[in-house]
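So that the names make sense, note that chain A is the first sequence line, chain B the second, and so on, each numbered from 1.
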Amino acid sequence: MLGPLSTPVKSDFVEIGDVKIEIERRGKGAPLLLLPGEDGLEVEAPFLERLARTREVILFWPPGFGRSNRPDWITNMDDVAYIYLDVMARLGLDNIPVVGCSLGGWIAAEMATKNDARFSHLAMVGAYGVKIGGPTDRDIADIWALHPDKVASLKWRDRENGKRDLSKRPDDELYVIARNIESCARLCWSPYMHNPKLAHRLHRIAAKTLLIWGADDGIVATDYAKAYAAMISGAKLSIIADAGHLPHVEQPDAFLNELTAFIS
Amino acid sequence: MDCYYFTEMPYPHIPPHDEISSMRVTLPNRLFDPKLGHQLYNRYLDEYCLADEMGLELMVNEHRSSVVCMDVAAPLSMAILARQTKRARLLILGNSIANRDDPIRIAEEMAMIDCISGGRVECGMVRGVTYEIFAANTNPTMTNERLWEGVDMVKRAWTTHDGDFNYEGRFWHRRNINIWPRPYQQPRPRIWITGSNDRDNIKIIAEQGHVFATFLQPHAKVRALFDLYREHYADNGLPGGLAFMPLVYVADTEEEAMQGADEIAWYMRTKAEPQFRNPPGYVGVEFNIQGLKGAFTGRTDAIRAQGLEYLKDQGVVIAGTPDSVVKQIRRLYDLLGGFDHLLMMMQCGFLSHEKTVKNIEMFSKEVYPQIRGLAPSMNRPWSKAAE
């Protein structure tokens with residue numbers, strides 16, 4: 001069962017034009033940028049607590065997620081990536097590892113194709129973002145057209161690993177969760193969970209890149225990860241056993257081993 | 001009060017409900033028999049023609065990928081009726097404008113049908129129910145915004161007569177908009193817009209003088225929506241109006257009428273998987289907070305689960321002998337603070353041609369004359385706005 005972490009959080013906003021991005025900081029040490037997945041489960045997962053023991057983990061919430069605002073003109077990950085690059089510059093984040101999970105992995109890839117000068121390393125965990133197969137191939141399981149039970153069974157190796165008890169959460173927390181769901185659809189409905197241009201820009205990534213994938217990911221399978229990695233020069237792929245779409249949540253030890261070895 | 005005949009053109013010949021998970025979006029179309037479909041389309045159109053002959057107005061609508069409704073493109077059925085009928089008002093409720101690729105096509109289609117029919121178009125514009133999101137692949141988080149931008153484009157296209165213009169909005173960019181033909185009705189056909197919970201939308205509908213229509217909701221809720229409309233109704237020279245849809249069945253005996261209504265209530269028992277009932281962002285965050293708590297599973301489930309007597313008490317079902325139906329409609333009229341248009345789902349499910357014909361005939365001959373005189377609640381005729 002997931003739940004709020006005990007690590008102290010410092011929360012702040014950075015304004016880029018009319019966009020207000022919520023920034024969260026946890027822990028002490030060399031900074032690491034963590035771009036959470038669309039469910040935002042990272043902030044309730046044990047791996048984050050452990051990562052924050054040796055790192056200052058900085059989280060950006062995309063427009064419409066967390067308490068970031070969502071101006072109407074923001075319609076896709078291209079927009080988000082440019083804003084995030086501006087936020088990194090504003091905060092003086094330079095030569096740091098960028099770790100993106102699921103939707104956050106897609107955003108990280110978009111950022112890196114535009115300008116990866118501030119990236120020391122790029123880690124993409126169960127990332128969306130590209131189309132691999134033909135027009136009728138469902139590369140990415142359609143989370144909005146499948147029964148919620150089916151989505152959960154595809155997402156988790158063990159569904160218990162992702163359970164949250166929402167019945168006792170205050171309304172302001174539920175507001176964030178409900179709005180995250182809405183904002184994900186706003187930005188990712190069509191083209192579904194990918195940017196058709198991204199595959200044609202991945203050659204621009206020069207940062208050291210590692211894809212970390214759950215062996216049992218039913219949302220984006222490991223074949224997708226292999227094809228994705230093959231499009232990024234020098235990218236490596238690490239498969240985590242007994243994990244679904246969110247290996248960092250389901251297998252924190254194995255995940256942190258891979259990540260630490262990569263960024264050390 | 002004027003009364004509209006309506007059938008959603010169902011295709012009910014599917015396996016038992018407990019053997020399928022969804023009657024919308026994903027039910028394989030191998031279950032659709034084209035020969036049977038041919039018969040049903042023509043039967044339903046015949047029934048519309050009969051309703052026209054009997055003095056009723058006509059309403060069509062559309063749904064896609066659904067056994068509930070074979071009318072997948074309402075402008076097509078409306079065009080057929082424009083040619084095959086001679087007198088009825090032709091209400092499309094509506095054009096699924098939020099789910100269409102180009103609102104200007106709607107402006108053109110309606111103008112053409114208005115010319116063919118000699119000015120009988122009543123033009124509904126709808127946001128579309130949740131299921132339509134999937135067939136059209138519309139982003140579910142902006143359907144209201146698309147509705148209103150689309151309505152703005154259609155109104156401009158209908159009423160601009162001095163040459164072409166360009167439109168560069170949030171959702172649509174079009175150049176050289178200059179529709180031929182223009183509508184038969186001047187300055188334009190009346191616009192109707194539906195709603196069920198969207199209070200902000202109802203305010204705009206009222207302020208712009210469109211007809212507001214709502215379907216199959218308990219009378220207390222309809223009254224609240226109608227009162228909100230009346231409160232925001234601006235004295236802008238446009239007529240406005242209020243419309244409500246119940247299921248309607250008239251018969252010689254109460255028992256027979258309830259049996260007929262129960263057949264039509266097949267509509268209320270259709271099912272779909274939860275992800276199709278509440279795509280993300282179709283309703284606001286506040287509704288979905290209730291969903292996270294387990295209290296909200298889609299907007300109409302609660303009413304649909306109720307029995308026929310409850311639905312009758314709520315005004316969602318109107319069924320009985322002609323005198324009883326007259327009383328029920330008068331009661332509903334009073335409960336709602338008056339309204340203008342009764343939209344009647346008089347056929348659905350397996351209700352046979354013979355029973356449908358009898359329903360149309362009995363209503364037209366024995367009920368309609370007794371309620372026609374109910375005063376319009378918005379006492380400003382559309383023709384006045386056209387002057």
Notebook entry, point to check: Considering residues, nucleotides and ligands other than B:N176, do more than 12 of their heavy atoms fall under 6.0 Å from its CG?
Noted result: yes

Checklist line | Separation between CG of A:L166 and CD1 of B:I289, rounded to the nearest 0.5 Å | finding: 11.5 Å

Next item on the list: Find the distance between NE2 (A:H147) and CZ (B:F276) and round it off to the nearest 0.5 Å.
Entry: 10.0 Å

Notebook entry, point to check: Can you say whether A:I181 sits under 4.5 Å from chain B via the side chain, the backbone, both, or neither, judging by heavy atoms?
Noted result: both

Check: What is the distance from atom CZ of A:R164 to atom CG of B:L292, rounded to the nearest 0.5 Å?
Finding: 8.5 Å

Check: Which bit of B:T26 comes within less than 4.5 Å of chain A, counting heavy atoms only: side chain, backbone, both or neither?
Finding: neither

Check: Got a sec: does the CZ of A:R159 have more than 12 other heavy atoms crowding it under 6.0 Å?
Finding: yes

Notebook entry, point to check: Is a donor on one side and an acceptor on the other found under 3.5 Å between the side chain of B:N139 and the backbone of A:A185?
Noted result: yes

Note to self: Using the rule given for side-chain contact (heavy atoms from CB on, under 4.5 Å), can you reason through A:D171 versus B:K293, listing the C-alpha separation, both sets of side-chain angles and the distance that settles it, and then say yes or no?
What the structure shows: CA-CA 10 Å; A:D171 273 11; B:K293 292 175 176 172; 2.7 Å; yes

Next item on the list: Specify the closest pair of heavy atoms between B:T138 and A:W189, including all atoms of both residues, with the distance to one decimal.
Entry: O-NE1, 3.1 Å

Next item on the list: Identify the heavy atoms of B:Q275 and A:P148 that sit nearest to each other, and give their distance.
Entry: OE1-CD, 3.7 Å

Note to self: How about NZ on A:K163, more than 12 heavy atoms from neighbouring residues, nucleotides or ligands closer than 6.0 Å, or not?
What the structure shows: yes

Check: Roughly how far, to the nearest 0.5 Å, is the CH2 atom of A:W73 from the CZ atom of B:R170?
Finding: 13.0 Å

Check: What part of A:I143 gets closer than 4.5 Å to chain B, counting heavy atoms only: side chain, backbone, both or neither?
Finding: neither

Item checked: B:T141 OG1 to A:L187 CG distance, which is reported to the nearest 0.5 Å -> 8.0 Å

Note to self: Within a 6.0 Å radius of atom NZ on A:K150, are there more than 12 heavy atoms belonging to other residues, nucleotides or ligands?
What the structure shows: no

Check: Roughly how far apart are A:W144 CH2 and B:N278 CG, rounded to 0.5 Å?
Finding: 13.5 Å

Checklist line | Smallest separation among heavy atoms of B:V285 and A:E182, with atom names | finding: CG2-OE1, 3.5 Å

